[in-house]
Every structure is written in structure tokens, then in C-alpha cells.
Trainee: 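My structure is below; once you've seen it, I'll send some questions.
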Amino acid sequence: MRMSRMLIPTLREDPADAESISHKLLVRAGYIRKISAGVYAYLPLAWRVLKKIEDIVREEMDAIGGQEVLMSILMPKEMWDETGRWDLYGDEMFKTKDRKGRWFCLGPTHEEQITALVRDNVSSYKQLPMIFYQINTKFRDELRPRFGVIRGREFIMKDAYSFHTSVDDLKKTYDDMYRAYSNIFRRVGLDAEAFEADSGAIGGKMSHEFLVPAEYGESEVVKCEKCGYKATIEVAHAPYKKVNYPPSDKPIEKVYTPGTHTIEQLAEFLGVEPSRIIKSMLYMVDGKVVMVLIRGDYEVNETKLAKVLDASEVRLLTPDELDDMGLVKGYISPYAVKDKDIKIIADESVQDVKDGVIGADETDYHYIHFNIDEFDVEYVDIRQVNDGDACPVCGAPLKRYTAIEVGHIFNLGTRYSEPMGATYLDENGQRKPYIMGCYGIGISRVMATIVERSHDENGIIWPIAVAPYHVIITVLDVKKDDIMAIGEEIYEALTDAGIETILDDRDLRPGVKFKDADLIGIPFRVVVSKKTVSSGEYEIKDRKTGAIFKVSKDEIVPFFRRKLYGQ
RNA sequence: CGGGGCGUAGCGCAGUAAGGUAGCGCACCUGGUUCGGGACCAGGGGGUCGGCGGUUCGAGCCCGCCCGCCCCGACCA
């Protein structure tokens with residue numbers, strides 16, 4: 001393809017509204033353009049990259065017996081009512097009505113549709129297991145779209161669903177998927193690592209997230225570099241730091257603590273360690289109020305909290321709700337719920353604090369010499385693990401870092417088959433609900449993640465497997481017919497050899513063309529100019545290493561055969 | 001949803017304090033010189049100043065309403 005006729009709108013400056021590296025570079029290098037918040041158009045280069053990623057995904061899905069389908073994006077409300085998710089999904093779902101007033105949504109995911117398809121068209125255990133996948137556009141009206149194509153409201157996703165007669169059979173496919181995902185991420189050049197994930201209230205036991213470490217990620221993980229322990233922040237565990245605050249012989253005392261809005265301010269005001277302070281929080285847990293206590297030097301991890309309470313939704317009470325109970329945020333204590341039917345649970349770390357500081361249920365006042373033993377408290381692990389906390393396995397300090405979630409696999413059990421009446425007949429003629437698994441990869445997010453991981457100050461550096469083109473021929477003296485003709489000749493030879501090549505025939509100064517080639521990130525650049533033509537030594541530059549090779553014209557095709565295919 | 005910021009040519013921005021003919025750089029078009037790491041000179045095209053309404057002789061600028069975009073927060077009591 002001639003670059004002079006392609007839509008590759010590169011920019012000299014970073015777009016003003018971009019924050020993350022991948023967002024800046026994909027816009028600047030002419031890959032994507034914003035249409036609306038979290039909604040992007042993929043220009044020709046991006047679409048080529050996406051198709052490469054998709055093809056790798058297809059190969060790996062086909063290899064484990066996946067059947068590719070393309071489900072409808074527009075889905076009727078009734079389908080979602082069957083599982084109750086029309087209401088559960090809430091505002092995150094894009095909803096619309098047809099001309100007759102019937103409700104539809106733009107699919108944020110496809111469990112309902114695939115389950116309905118299998119229910120209505122498969123009926124015997126003899127046909128199982130079955131694995132389906134699709135690569136399709138998903139719509140989610142995210143609370144806050146971010147980082148360009150990393151979290152969009154419209155995005156490309158590979159989603160797969162499997163149907164089984166037993167958990168053991170599901171486990172086989174689950175393991176196949178795990179390996180396929182590892183292959184996919186390795187092949188696209190990502191150092192993704194699988195983490196046992198929180199599967200949520202409905203996910204069953206097996207669930208793994210595939211995460212790639214990146215500054216602009218939205219997931220947090222901890223890892224022990226000594227023994228290899230690793231976990232997402234939602235499930236991570238680390239022993240709490242022991243403190244020793246034995247009961248005081250002094251009675252509990254209310255003290256005036258003006259202007260202490262944070263734990264740090266209060267600790268400083270009273271001249272105590274933050275670990276001596278107990279934070280009291282009121283949570284709404286599936287409609288019931290629960291008091292949660294945690295030490296001042298720790299934070300509550302709501303996912304862990306939900307899990308220990310076996311709840312599907314936990315949230316803090318709003319200031320208004322607290323107000324209705326006569327309480328004020330920041331100054332709550334267990335005394336406030338003493339005679340009420342409100343359960344008190346505390347993080348394990350609180351048990352050491354027998355002479356502590358706690359809110360006095362009154363603005364600007366706290367109690368000192370507070371002893372937790374007065375209360376009937378259940379101790380559990382609901383702490384957020386921090387950077388530097390001790391590894392639960394070997395005790396070495398844990399590293400905490402951000403990562404991008406590029407894939408997620410999990411066991412669905414009968415969460416969808418049961419309510420939807422999706423059953424098959426087993427050997428004994430018994431109706432059984434399908435055991436299901438589901439598996440997702442964010443295709444457009446993978447593209448952005450590769451850029452986050454593979455770039456330099458000059459632009460993107462695509463791994464060969466996903467590069468939009470392998471080679472860019474930079475013709476410098478385009479107005480000289482003989483030189484341009486040689487550029488075209490090399491272009492034809494490479495293209496005929498199956499090497500994806502782009503011909504930069506634009507009549508621009510050399511510097512501009514070199515900068516663009518680097519920015520868009522093509523793995524190899526061949527320079528055709530007065531200099532290289534007259535010397536007969538064509539300069540080939542490796543975008544990643546910067547290595548320069550001098551190659552005669554006839555050797556160019558063999559050179560790339562070796563470099564690209566190892567032939 | 002709360003807080004903050006922004007919206008002026010394709011992109012990046014100034015102009016808003018103090019109302020008076022809409023600017024700069026890049027990009028684009030023409031001509032010339034140049035040309036192996038984002039050239040220079042000369043000329044040129046391109047604007048509902050986010051929208052609607054108001055104040056005013058006169059609004060990019062003041063007032064009101066609305067829309068869009070970005071950042072932070074929406075768990076730390």
C-alpha cells in the first residue's frame with residue numbers, strides 16, 4: 001500500500017485529552033480517533049493490528065474445539081429478565097426501545113443469549129461438551145471510561161462459553177482455556193500472568209484473571225519476589241502487624257479533638273500511633289446494616305468483606321443515612337449500635353487494641369482508653385494488603401503494583417442454565433441444567449496494553465506478530481523516477497513474498513518520514529535513496545533494537561524471510 | 001452522582017481581567033530554495049469562538065440555562 005493514499009493521520013503533539021501512554025500514542029500515530037467519551041473509531045492501521053490479534057485468538061480457540069459464532073448485539077429485554085440481569089445490570093447497560101416501544105439492550109455480555117441458543121437447540125448429553133466463542137463489539141456504559149481504549153464504553157471482546165455435563169468436564173475445558181489464554185498472550189507479546197481471582201458471589205470456585213503489569217492499569221496485585229506468592233488485591237492475604245496495647249487501668253474518657261478529619265491528624269493530635277485508633281464504619285450489606293471495625297493503619301477491602309459475609313452487595317452508608325441514625329461520619333463508635341440489632345465485625349488486627357482510640361458519636365470528640373472486649377465482635381480478615389506487608393508464605397515484603405486485566409476465565413456453574421431452564425437429557429433420561437464456563441479477552445484492550453508495554457520515546461514498537469505491517473520502505477528521493485522505481489520494485493518483491501509492506505512514497509523531508517516510521521512502530525524500515533541505490537547497500541533498521549543492516553537488493557527478501565519466519 | 005478544569009480552524013494553544021473588525025504555531029494548497037532524523041522564504045485557503053436565550057449601539061469576552069470533553073472522588077469513618 002502506498003502511504004500517500006492511506007489514512008494515517010499522525011500528529012506532532014500529544015492529544016490534549018489523553019493521559020495514558022497507549023492513548024497518547026495510538027492517537028498520535030494515527031491509529032484511533034475519539035468519537036465520544038469511551039467510544040473510538042479504529043483507523044486502518046489499528047484495524048490491521050486488531051485483526052492480527054483476533055486471528056491469533058481464533059487459532060487458539062479453534063485448537064481447543066471452540067466453534068466461532070456471531071451473536072446479536074441488540075437483545076430484547078425479556079431475555080435478560082429470565083436471569084434478573086435487566087435490573088441487576090442497571091445503568092451500565094445501554095438500553096433502547098424499538099418503534100413499538102419494546103425494550104432492547106446493546107449487549108454488554110452474552111451469557112443469556114448463548115444459553116438460550118443452546119437450550120433451544122441442544123438437548124442430549126451426547127452433544128456435550130460444546131464450546132462457543134465470538135469476537136464482537138460490547139457495550140457497557142461505564143461509570144468512568146478511561147485511558148483511551150483501555151476502558152471504553154464500546155469495545156471489542158472475545159467471549160467464549162462452554163457447556164458441560166459435569167464439573168469435572170468443565171475443569172478440562174477450563175484448563176484448556178487457561179493454556180490457550182497463556183498462548184495467546186505470549187504470542188501477542190504480552191507478559192501476562194494468571195492470578196486466582198475473586199469469583200464474586202456467582203462465579204463458583206474457579207476463576208483466574210490474566211494481568212499485565214502496567215502503570216495505567218486498574219487492577220492491583222501483590223507479589224512476593226522471594227517465594228512467588230501472588231494474588232489480586234481482592235483476595236490477597238498478609239498477616240497483620242502485631243501491636244501491644246493492653247487494657248488501661250484508666251476509665252474510658254471522652255476527649256475534645258477538633259479539626260481531626262483524618263486518621264493521621266487524629267494520631268498526631270493525640271500523640272498516638274495510627275494503629276491505636278479503631279475506625280468504625282457502617283455498611284449496608286444486602287439491605288442490612290453491619291458495623292465494621294478496622295485499625296487506623298489498615299483499610300477495608302470490600303470484596304473480602306462481601307465474601308466473609310457471603311453478601312452480593314456491600315456499600316458504606318451515605319452521610320444522609322448516617323444522619324438519619326443520629327450519627328456523623330468520622331466519629332462513630334460501637335456504642336452507637338450497642339442496643340440495636342446490628343452485627344459488629346472487626347478485622348483481626350483490632351483484637352490487640354484493648355486501650356484504643358475510637359469515635360465518640362459526636363462531632364470533634366473521640367474516646368480514649370477504649371476496650372474492644374466490651375463488645376461482642378467477630379474477628380475476620382478484611383484488610384487491604386499494602387506494599388511492604390509480609391508475605392503470608394515466607395514473610396518477605398510484598399510488592400504491590402497496578403496491572404491491566406486482559407483476560408478472565410471463570411466457572412459459571414448453573415447460574416444461567418438454571419434460571420433459564422437450559423437443560424439436557426442425561427444417559428438416564430434425566431433433565432439436568434448445563435454446567436457452564438465463560439472466558440473473556442478484551443481485544444481492543446490487548447492492543448492498548450501492547451502499546452503500554454512496548455514503546456519508546458519515539459513511538460510504538462509493535463511485536464512482529466501483531467504489527468500492522470512488517471516492513472516500511474522509506475523512499476527518500478521520491479521525485480527521482482529511477483529511485484522511486486527501485487522502491488516500487490522492492491515493494492513488489494516483498495509483497496509477492498508475502499511480507500506485509502507499506503511504501504512511504506510521500507514527498508516529505510527525510511526527518512519527517514523517519515519520525516513517522518518510528519511513531520507508527522513498523523518493525524523494520526528499508527531506506528531507498530540516492531545513497532543506498534548508488535552504493536547498492538540498502539539500509540534496514542530494526543525498530544526495536546535500532547540495529548542497522550546493510551543488504552543488497554537481491555538479499556532483501558531472503559533477509560526478511562530469515563528475520564520474520566526464521567527461514 | 002460530588003468536586004475541579006476545559007470547550008476559539010484538522011491538531012496544540014493565546015485572546016476573556018478591562019465588550020469595539022478573530023489571532024499564533026503545526027498541518028493543508030501554490031511558487032521557490034532546500035532535503036538522511038519533525039527546513040526556510042513568499043503567497044493562500046480554512047472559523048455557527050460548544051448550543052440556545054438574555055443584557056448591550058455592539059458579545060469569543062458579561063448573565064442564565066443546556067450540551068460535550070478531561071481529571072480527581074464516589075470505600076478509609
Trainee: Looking at A/D456 and A/R543, does any basic side-chain N land under 4.0 Å from a carboxylate oxygen?
Mentor: yes
Trainee: Measure across A/I556 and A/V551 and return the closest heavy-atom pair with its distance rounded to 0.1 Å.
Mentor: N-CG1, 3.7 Å
Trainee: As a test of reading the structure: which of B/G37, B/G38, B/C76 is closest to the side chain of A/M281, going by heavy atoms?
Mentor: B/C76
Trainee: So, using side chain to side chain contact (heavy atoms under 4.5 Å, CB included) as the criterion, who are the partners of A/K531 when residues are at least two apart?
Mentor: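 Per chain and number, A/K531 pairs via side chain to side chain contact (heavy atoms under 4.5 Å, CB included) with A/S529.
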Trainee: Below 3.5 Å, does any donor atom in the side chain of A/K541 face an acceptor in the base of B/G36, or the other way round?
Mentor: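 Answer is no: no donor-acceptor pair is held.
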Trainee: Measuring only the P atom in each nucleotide, how far is B/G64 from B/A22? A whole number of Å is fine.
Mentor: 25 Å
Trainee: Would you kindly give the CD1-to-C1' distance between A/I332 and B/C76, to the nearest whole Å?
Mentor: 12 Å
Trainee: Can you tell which of B/C71, B/G38, B/G36 lies closest to the side chain of A/E19?
Mentor: B/C71
Trainee: Is there any ring-ring contact (aromatic ring centres under 6.0 Å, His included) pair reaching into residues 309-333 of chain A, and which pairs are they, with sequence neighbours excluded?
Mentor: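 ring-ring contact (aromatic ring centres under 6.0 Å, His included) check on residues 309-333 of chain A returns A/Y331-A/H366.
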Trainee: Between B/G73 and B/A77, how far apart are the P atoms? Round to whole Å, please.
Mentor: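 One P to the other, the span is 14 Å.
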Trainee: Given atom CZ of A/R33 and atom C1' of B/G10, what is their separation to the nearest angstrom?
Mentor: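 The distance from CZ of A/R33 to C1' of B/G10 comes to 9 Å, rounded to the nearest Å.
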Trainee: Taking only the side-chain heavy atoms of A/D516 (C-beta and beyond), determine which of B/C13, B/A77, B/G38 contains the nearest atom.
Mentor: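 So the side chain of A/D516 is nearest to B/G38.
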Trainee: Could you tell me whether A/E488 and A/R2 have a side-chain N and a carboxylate O separated by less than 4.0 Å?
Mentor: yes
Trainee: Assign a letter to each nucleotide of nucleotides 2-8 of chain B from its 5' end: B, base within under 4.0 Å of a protein heavy atom; S, sugar-phosphate only; -, no contact.
Mentor: -------
Trainee: Starting the side chain at C-beta, find the nucleotide from B/G37, B/G12, B/G38 nearest to A/L519.
Mentor: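 Of B/G37, B/G12, B/G38, B/G38 is nearest to the side chain of A/L519.
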Trainee: For A/I35 and for A/Q384, find the nucleotide of RNA chain B with the closest heavy atom, then tell me which residue's nucleotide is more 5'.
Mentor: A/I35
Trainee: Under 4.0 Å, counting only non-hydrogen atoms across every strand here, what does A/L317 touch: a base, just sugar-phosphate, or nothing?
Mentor: base
Trainee: Have a look at A/R525 and say if it touches a base, only the backbone sugar-phosphate, or nothing, with a 4.0 Å heavy-atom cut-off.
Mentor: base
Trainee: Where each residue is assigned the nucleotide of RNA chain B containing its nearest heavy atom, which of A/I294 and A/S529 is assigned the position nearer the 5′ end?
Mentor: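 By nearest-heavy-atom nucleotide position, the 5'-most residue is A/S529.
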Trainee: Tell me what A/T532 touches on the nucleic acid: a base, only sugar-phosphate, or nothing, going by heavy atoms under 4.0 Å.
Mentor: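 Base: the residue A/T532, judged by heavy atoms under 4.0 Å, touches a nucleobase.
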Trainee: Here's one to test your reading of the geometry: is the NZ or CZ of A/K338 within 45 degrees of the ring axis of A/F375 and under 6.0 Å from its centre?
Mentor: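 Verdict for A/F375: a cation-pi partner in A/K338.
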Trainee: The criterion is side-chain hydrogen bond (donor to acceptor under 3.5 Å, both in side chains); which residues satisfy it with A/K230, sequence neighbours excluded?
Mentor: A/E193
Trainee: What's the closest nucleotide to the A/I263 side chain, out of B/A77, B/G36, B/G38?
Mentor: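 Looking only at side-chain atoms, A/I263 lies closest to B/A77.
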Trainee: Within the 4.0 Å heavy-atom criterion, would you say A/S36 contacts the bases, only the backbone, or no part of the nucleic acid?
Mentor: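 Result for A/S36 = sugar-phosphate.
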Trainee: What distance, rounded to whole Å, do you find between the two P atoms, one in B/A14 and one in B/G7?
Mentor: 7 Å
Trainee: Output all residues satisfying side-chain hydrogen bond (donor to acceptor under 3.5 Å, both in side chains) with A/K354, sequence neighbours left out; order by chain, then residue number.
Mentor: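 By the side-chain hydrogen bond (donor to acceptor under 3.5 Å, both in side chains) rule, A/K354 matches A/D373.
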Trainee: Using the P atom on both, measure B/C24 against B/A42 and round to a whole Å.
Mentor: 13 Å
Trainee: Residues in side chain to side chain contact (heavy atoms under 4.5 Å, CB included) with A/A16, at least two apart?
Mentor: none
Trainee: Tell me, which pairs form a ring-ring contact (aromatic ring centres under 6.0 Å, His included) where one or both residues lie in residues 9-28 of chain A, sequence neighbours left out?
Mentor: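 Every pair satisfying ring-ring contact (aromatic ring centres under 6.0 Å, His included) with a residue in residues 9-28 of chain A: A/H23-A/Y40.
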Trainee: Which protein N or O atoms sit under 3.5 Å from an N or O of nucleotides 24-34 of chain B?
Mentor:
from, atom 1, to, atom 2, distance (Å)
B/A27, OP1, A/R12, NH2, 3.0
B/U34, O2, A/R509, NH1, 2.8

Trainee: Can you pull the side chain to side chain donor-acceptor pair (under 3.5 Å) pairs that have at least one residue in residues 477-487 of chain A, sequence neighbours excluded?
Mentor: A/K479-A/D507
Trainee: In residues 352-360 of chain A, which ones come under 4.0 Å of RNA chain B, going by heavy atoms?
Mentor: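 Of all residues in residues 352-360 of chain A, none places a heavy atom under 4.0 Å from RNA chain B.
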Trainee: Restricting to side-chain hydrogen bond (donor to acceptor under 3.5 Å, both in side chains), what partner residues turn up for A/Q265, sequence neighbours left out?
Mentor: none
Trainee: Return the set of residues passing ring pair (Phe, Tyr, Trp, His ring centres under 6.0 Å) with A/Y256 (not counting sequence neighbours), or none when no residue passes.
Mentor: A/Y365
Trainee: Describe the nucleic acid contact of A/Y283 in one word from base, sugar-phosphate, nothing, applying a heavy-atom distance below 4.0 Å.
Mentor: base
Trainee: Rounded to whole angstroms, how far apart are CD1 on A/I548 and C1' on B/G36?
Mentor: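 Distance, rounded to whole Å: 11 Å.
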Trainee: Answer with base, sugar-phosphate or nothing: what part of the nucleic acid does A/V314 contact at a heavy-atom distance below 4.0 Å?
Mentor: nothing
Trainee: Scan A/D518 against the nucleic acid and name what it touches under 4.0 Å (heavy atoms): base, sugar-phosphate only, or nothing.
Mentor: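 Base, at least one base heavy atom under 4.0 Å.
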Trainee: Could you check whether A/K34 gets within reach of a base, just the sugar-phosphate, or nothing at all, counting any heavy atom under 4.0 Å?
Mentor: sugar-phosphate
Trainee: Could you tell me which nucleotide pairs with B/G12 by Watson-Crick or G-U wobble geometry, both distances under 3.5 Å, or answer none if nothing does?
Mentor: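 WC or wobble partner is B/C24.
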Trainee: Give none if B/G45 has no partner; otherwise give the nucleotide forming a Watson-Crick or G-U wobble pair with it, both distances under 3.5 Å.
Mentor: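 Across all strands, not a single nucleotide pairs with B/G45.
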Trainee: With heavy atoms under 4.0 Å as the rule, sort A/R146 into base, sugar-phosphate or nothing.
Mentor: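 Contact class for A/R146: sugar-phosphate only.
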